[in-house]
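Down below is the structure, laid out as structure tokens.
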Amino acid sequence: MKKREAIAPDLSERIVIVGGGFAGVTLAQRLERLLPTQIKIVVLSADNHLVFTPMLPEVVGRTISPLHVVIAGRQLTWRTKWLEARVSRIDREKNEAHYLRRDGTVASMRYTQLVLACGAAANLEEIPGLASRGYALKTVMDAIVMGNDLIGNFEAAATEPDAEVRQRLLTVVVIGGGFSGVEIAGHIADLMRAIRRFYPELKHETPHVVLLQEGNQLLPELHHESLSKFTLRKLRQNGIKVRLETSAKKVDSVAVHLTSGERIETGMIVCTVGTETHPLIKGLGLTLEKDRLKTDPDMKVSGTANLWGLGDCAFIPNAYDGRPSPATAQFAVQQARQLAENLQCVTRGETTKPFNFHPRGMLASIGHRNAVAVIYGVKLSGFIAWFLWRGIYLFKLPTFSRKLEVAISWACNIPFPPNIVQLRLSKEQSSNAGIERAETK
Ligand SMILES: Cc1cc2nc3c(=O)[nH]c(=O)nc-3n(C[C@H](O)[C@H](O)[C@H](O)COP(=O)(O)OP(=O)(O)OC[C@H]3O[C@@H](n4cnc5c(N)ncnc54)[C@H](O)[C@@H]3O)c2cc1C
């Protein structure tokens, strides 16, 4: 009788995850636990780190350091192969992901299952003129530049002879009164108030934030009118000029023009509205829904055999309430946990399950030690909600060392003022320093 050959494990089986954000990292961590080690796990991510976005407004407000909100992917996983690489194209026929190396050359990697978790791209093009002047907040560099330029505007105002220009430099316009807009406006207003005393030249000026919200209430995502009203009241008490039912029509070199016909002269415009389909997703030619990749209930991309969508880039129905998942980290993490189980089912030839998640609630830190929250239907606001916000996000922040760093920074904020160092970040700024040296010779 012929001896039966032992079936060798398929060593070429490889799950490739595009994107190392909340979704990609959680998926890799779960797969490490669920899958046999013969199945390779690879993350191809444009950045070598995860950005803990809920704390980005704190970086802008200089209450924590930029390095506290980023964690290298290699330090969050143990057997995942993590490559810092921007995926430029997916060859679905050959099952290959093409990516750009640092030196600009293109390489490719074969996959058996491909998970797209590349997030969404910020879109500043919707308002004419905004792309050249607007600030978005998505990456840690965005947060560094925003805080730095804000301090830079204070420095410029301190040497500016024209009172109108001074006031313009000290006016920040934030577009969008959703979660990000409210949080950024709150932290910028706190920073402006805390640093004012270091600029005696500006004692007659009124640095302030104007928040534009298209709808008639702030934080509409909360679906709680009383919390929206509380937020409005607190922001106004904090000196923020909230303009409801007001939107920006266009932007020029000095002002934001409103749909009402008014114009607000400003030295900084922060835009928190508008995302667009990620270019990689656009290039796939697959069905999109609301600018996101349409998936089946189990997160497999509709009409494909081995492509999966996850996080902000995907339009994933939630079986819990039949509604599409919102673009939040809370959902991205839960989807990743479910997808890990589904991929395990695929490797075992079992049936996958639809994404089903009961949302826990939402929290927004609105500045001046205030927050609003809805947790399992319970509404909270004010200092208690703010304390809870800090506790929950400190708990969720990956790695013990980051938690400790952030906790120490928060403790230092109590007796000490924020750091008002302005760095010369761009090449242009550093070359100006060169000219200065030449002139003083
Ligand atoms: C300021 C701010 C505050 C927020 N606060 C909260 C909050 O309090 N609670 C909450 O639940 N949500 C919050 N969110 C939303 C949350 O950040 C997103 O929903 C979450 O990041 C989505 O995770 P993701 O993994 O899908 O995408 P991302 O976290 O955006 O990760 C995408 C990853 O893909 C990588 N990538 C992009 N393009 C490519 C490419 N071509 N090739 C390879 N890799 C690529 C990127 O480098 C990145 O690592 C906030 C967002 C912002 C901007």
Side-chain angles (χ1 to χ4, degrees), residues 13-31 39-47 50-51 73 77 80-100 106-123 138 275-318 324-329 331-344 346 352 354-355:
E13 203 163 338
R14 181 186 284 145
I15 296 178
V16 174
I17 304 165
V18 180
F22 282 99
V25 166
T26 311
L27 178 65
Q29 288 173 330
R30 285 279 156 153
L31 289 175
I39 300 178
K40 294 182 181 125
I41 306 161
V42 180
V43 172
L44 297 176
S45 187
D47 296 298
L50 163 89
V51 183
T77 49
T80 297
K81 187 180 171 78
W82 184 292
L83 295 181
E84 190 200 301
R86 184 171 288 279
V87 176
S88 51
R89 192 169 71 85
I90 308 293
D91 186 332
R92 286 169 52 212
E93 275 180 17
K94 291 189 184 156
N95 287 335
E96 279 176 358
H98 294 240
Y99 59 91
L100 297 171
V106 179
S108 65
M109 181 174 287
R110 211 195 59 80
Y111 60 82
T112 40
Q113 304 290 335
L114 182 80
V115 181
L116 293 157
C118 50
N123 180 10
K138 198 98 183 88
T275 52
E276 62 177 345
T277 316
H278 192 288
L280 181 66
I281 303 289
K282 237 187 248 172
L284 284 169
L286 290 163
T287 313
L288 301 181
E289 181 109 26
K290 299 218 163 107
D291 295 332
R292 296 157 87 190
L293 195 56
K294 191 169 186 291
T295 75
D296 296 338
D298 64 353
M299 289 172 273
K300 184 180 288 166
V301 177
S302 307
T304 68
N306 58 352
L307 236 61
W308 306 79
L310 196 59
D312 281 9
C313 72
F315 186 89
I316 300 170
N318 182 3
S325 304
T328 65
F331 270 79
V333 165
Q334 293 304 325
Q335 289 162 359
R337 289 180 181 163
Q338 174 72 59
L339 182 55
E341 284 175 21
N342 283 353
L343 287 169
Q344 186 188 36
V346 169
T352 55
F355 172 64

Considering all heavy atoms, the nearest T295-S302 contact: C-OG, 3.4 Å
What I'd like to find out is whether the side chain of F331 reaches to under 4.5 Å of the side chain of I316, using heavy atoms alone. no
So how far is it from L293 CG to L116 CG, rounded to the nearest 0.5 Å? 6.0 Å
Would you say T304's side chain and K300's backbone share a donor-acceptor pair under 3.5 angstrom? no
Are K81 and K40 packed together at the side-chain level, in the sense that at least one heavy-atom pair is separated by less than 4.5 angstrom? no
Please report the interatomic distance OH(Y99) to CD(E84), rounded to the nearest 0.5 Å. 12.0 Å
Quick check: closest heavy atoms across A314 and G309, and the distance to 0.1 Å? CB-C, 3.6 Å
With distance as the sole test, does E13 use its side chain to make a donor-acceptor pair with the main-chain N or O of I39 at under 3.5 Å? no
Review item, side-chain donor-acceptor pairs of residues 275-290, under 3.5 Å, at least two apart:
from : atom 1 : to   : atom 2 : distance (Å)
T277 : OG1    : D291 : O      : 3.0
H278 : ND1    : L280 : N      : 3.0

What pair of heavy atoms forms the shortest contact from Q113 to W308, and how long is it? OE1-NE1, 2.9 Å
Listing, residues 17-30 side-chain donor-acceptor contacts under 3.5 Å, not counting sequence neighbours, or none:
from : atom 1 : to  : atom 2 : distance (Å)
T26  : OG1    : F22 : O      : 2.6
Q29  : NE2    : L76 : O      : 2.9

Give, for atom NE2 of H98 and atom CG of L44, the distance between the pair rounded to the nearest 0.5 Å. 11.5 Å
State, to 0.1 Å, how close A46 and R86 come at their nearest heavy-atom pair, and which atoms those are. CB-NH2, 3.5 Å
What pair of heavy atoms forms the shortest contact from P324 to F315, and how long is it? CB-CZ, 3.5 Å
Applying side-chain contact (heavy atoms from CB on, under 4.5 Å), run through L83 and M109 and close with a yes or a no. CA-CA 11 Å; L83 295 181; M109 181 174 287; 3.9 Å; yes
Minimal heavy-atom distance between P297 and P317, with the atoms involved, is CA-CG, 3.9 Å
For the pair I90 and L114, evaluate side-chain contact (heavy atoms from CB on, under 4.5 Å) and give the outcome as yes or no after the intermediate values. CA-CA 9 Å; I90 308 293; L114 182 80; 3.6 Å; yes
